[in-house]
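Remember, predicted model here, so these are calculated numbers, not experimental data. The chains referred to below are lettered A, B, ... by the order of the sequence lines, with proteins before strands, and numbering in each begins at 1.
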Protein chains: 2
Amino acid sequence: MGVKERRAREKEQLRQQILSAARELFVNEGYENVSMRKIANKIEYSPTTIYLYFKDKTDLLDSVCKETLLSLLETLEQLKRDTTDPVETLRKSGRAYIEFGLKYPQDYKLTFVTRPQFQKDLGLEEGSVGEQVFNYLRGMVSECIRQQIFREVDVETTGQVMWSAVHGVTLLLIDFPDFPWTEQNKLIDTVIHTTIEGLKA
Amino acid sequence: MGVKERRAREKEQLRQQILSAARELFVNEGYENVSMRKIANKIEYSPTTIYLYFKDKTDLLDSVCKETLLSLLETLEQLKRDTTDPVETLRKSGRAYIEFGLKYPQDYKLTFVTRPQFQKDLGLEEGSVGEQVFNYLRGMVSECIRQQIFREVDVETTGQVMWSAVHGVTLLLIDFPDFPWTEQNKLIDTVIHTTIEGLKA
DNA sequence: TATTTAACTTAACACTGTTAATTATATCAC
DNA sequence: GTGATATAATTAACAGTGTTAAGTTAAATA
């Protein structure tokens with residue numbers, strides 16, 4: 001009876017094994033420099049086995065990114081539970097978002113820059129985890145507007161402005177590590193502070 | 001006598017031919033999806049000829065990006081000549097920067113996202129055109145601070161905050177074209193306005 | 001134990017960036 | 001004009017790529 005369940009479990013296990021091997025390689029060597037054969041070698045299976053679990057290389061990328069976003073979402077939602085003041089929550093969320101990007105730069109780029117390139121039609125499609133992350137942001141911004149802390153620009157625009165700022169600084173710090181940036185924490189704080197102040201005025 | 005000059009001219013001509021073929025293909029099909037053979041086909045030379053003019057594929061990418069940045073710089077400097085009020089200049093420059101990115105999305109990504117990935121050590125190295133673009137931004141910001149329009153955060157940080165905002169919104173609009181953005185012009189204006197207001201306060 | 005089914009592998013295709021060796025071509029000296 | 005020389009461009013090859021179709025092995029069922 002339970003044999004089918006065991007087989008399903010084993011299958012899921014190998015799927016996870018492939019996924020984490022792929023993540024590690026993508027992150028360390030860059031998506032483009034990782035071949036299916038390399039992943040296969042790492043898990044000690046033949047390259048074609050991967051195709052029994054993932055449609056192709058971009059499907060593998062998609063799955064890795066989905067995991068990344070879930071992890072980001074978890075971080076953010078934990079944070080929301082721990083803070084009450086909406087502006088403070090927004091500030092901390094911005095920080096957490098940027099720090100997430102800097103902690104896992106390759107994952108971040110994979111998810112927010114590389115992935116849309118390889119999946120041109122849809123980036124934040126309905127029901128996706130990416131959409132959930134943005135919904136989270138919208139919720140916070142909406143609370144700031146409701147409490148009349150932010151001036152009355154519509155929720156959508158306000159959220160998108162916030163996202164632009166944190167996305168921008170995250171990518172710049174990742175992509176140009178040798179640029180003579182201001183002290184990193186100061187830059188991050190100023191970006192967040194400036195944007196929030198600008199939304200109040 | 002003039003034969004050497006003519007030969008040099010012819011060489012330069014073919015170099016340019018390769019460059020613009022590469023640009024067109026990179027932009028239309030994406031750097032990764034363009035092979036040296038494809039470029040060679042387009043200009044009706046053998047693939048290896050390209051290697052007589054460019055060290056390798058990333059060198060070709062570098063050269064394409066340099067051209068792009070030069071063109072952006074030109075746009076911006078023209079703009080500075082036409083405007084006097086520093087805040088107005090900054091606002092217009094932000095707009096011009098974003099519009100440049102949206103007009104040539106692939107060029108923009110190639111230059112500000114792809115290129116640093118393939119040239120990890122240096123992105124905005126000294127004397128590069130990229131540095132010149134940031135110097136331009138610094139100049140404008142510095143003027144705003146001098147005239148005491150902006151609060152006294154240091155020039156570097158202020159400039160970097162500005163850059164983060166425009167870079168962020170540009171990339172989001174490019175990478176997630178199907179996301180339900182606010183009307184594009186409104187979003188762009190709000191990003192710029194919010195950042196400038198935030199820097200004043 | 002024989003048969004069916006699922007998991008996995010081997011072999012192959014058409015492609016990639018790049019190098020070394022080779023050929024064609026245009027310039028120069030005579 | 002002819003032969004030597006330098007330069008430009010090409011051919012052939014290497015080791016690698018993502019992916020597919022066909023073949024093999026191993027496990028579960030009857």
Donor + acceptor pair across side chains of A:Gln78, A:Glu74 (<3.5 Å): no
Under 3.5 Å side-chain donor-acceptor pair for B:Thr89 and B:Thr83: no
Mind checking if [X] touches a base, just sugar-phosphate, or nothing, with heavy atoms under 4.0 Å?
X	answer
B:Phe54	nothing
A:Leu60	nothing
A:Leu14	sugar-phosphate

Atom pairs, N/O to N/O, protein against nucleotides 18-22 of chain C, distance under 3.5 Å?
from, atom 1, to, atom 2, distance (Å)
C:dT18, OP2, B:Tyr51, OH, 2.8
C:dT18, OP2, B:Lys57, N, 3.0
C:dT18, O5', B:Tyr51, OH, 3.2
C:dT18, O4, B:Arg37, NH2, 3.4

Report the distance from atom [atom1] of [X] to atom [atom2] of [N], rounded to the nearest whole Å.
X	N	atom1	atom2	value
B:Gln13	D:dA8	CD	P	14 Å
A:Glu44	C:dA7	CD	C1'	17 Å
B:Glu10	D:dT7	CD	P	15 Å
B:Lys11	C:dA26	NZ	P	16 Å
B:Asn33	D:dG18	CG	P	13 Å
A:Glu32	C:dG17	CD	P	12 Å
B:Tyr45	D:dT10	OH	C1'	12 Å
A:Ile50	D:dT17	CD1	P	12 Å

CD on A:Glu67 to OG on A:Ser71, rounded to 0.5 Å: 9.0 Å
Spatial distance of atom CG (A:Leu199) from atom OG1 (B:Thr190) [nearest 0.5 Å]: 9.0 Å
Shortest side-chain distance from A:Leu52, nucleotide among D:dT17, C:dT9, D:dA9: C:dT9
Distance test, side-chain N/O of B:Ser46 to OP1/OP2 of D:dT10, below 4.0 Å: yes
Residue-phosphate contact under 4.0 Å: B:Ser35 side-chain N/O, C:dT16 OP1/OP2: yes
Donor-acceptor under 3.5 Å (B:Arg151 side chain, B:Gly198 main chain): yes
Worked check of side chain to side chain contact (heavy atoms under 4.5 Å, CB included) between A:Trp163 and B:Val191: CA-CA 10 Å; A:Trp163 191 18; B:Val191 165; over 6 Å; no
Whether B:Phe112 and B:Tyr97 hold their rings parallel, tilted or perpendicular, with breakpoints at 30° and 60°: tilted
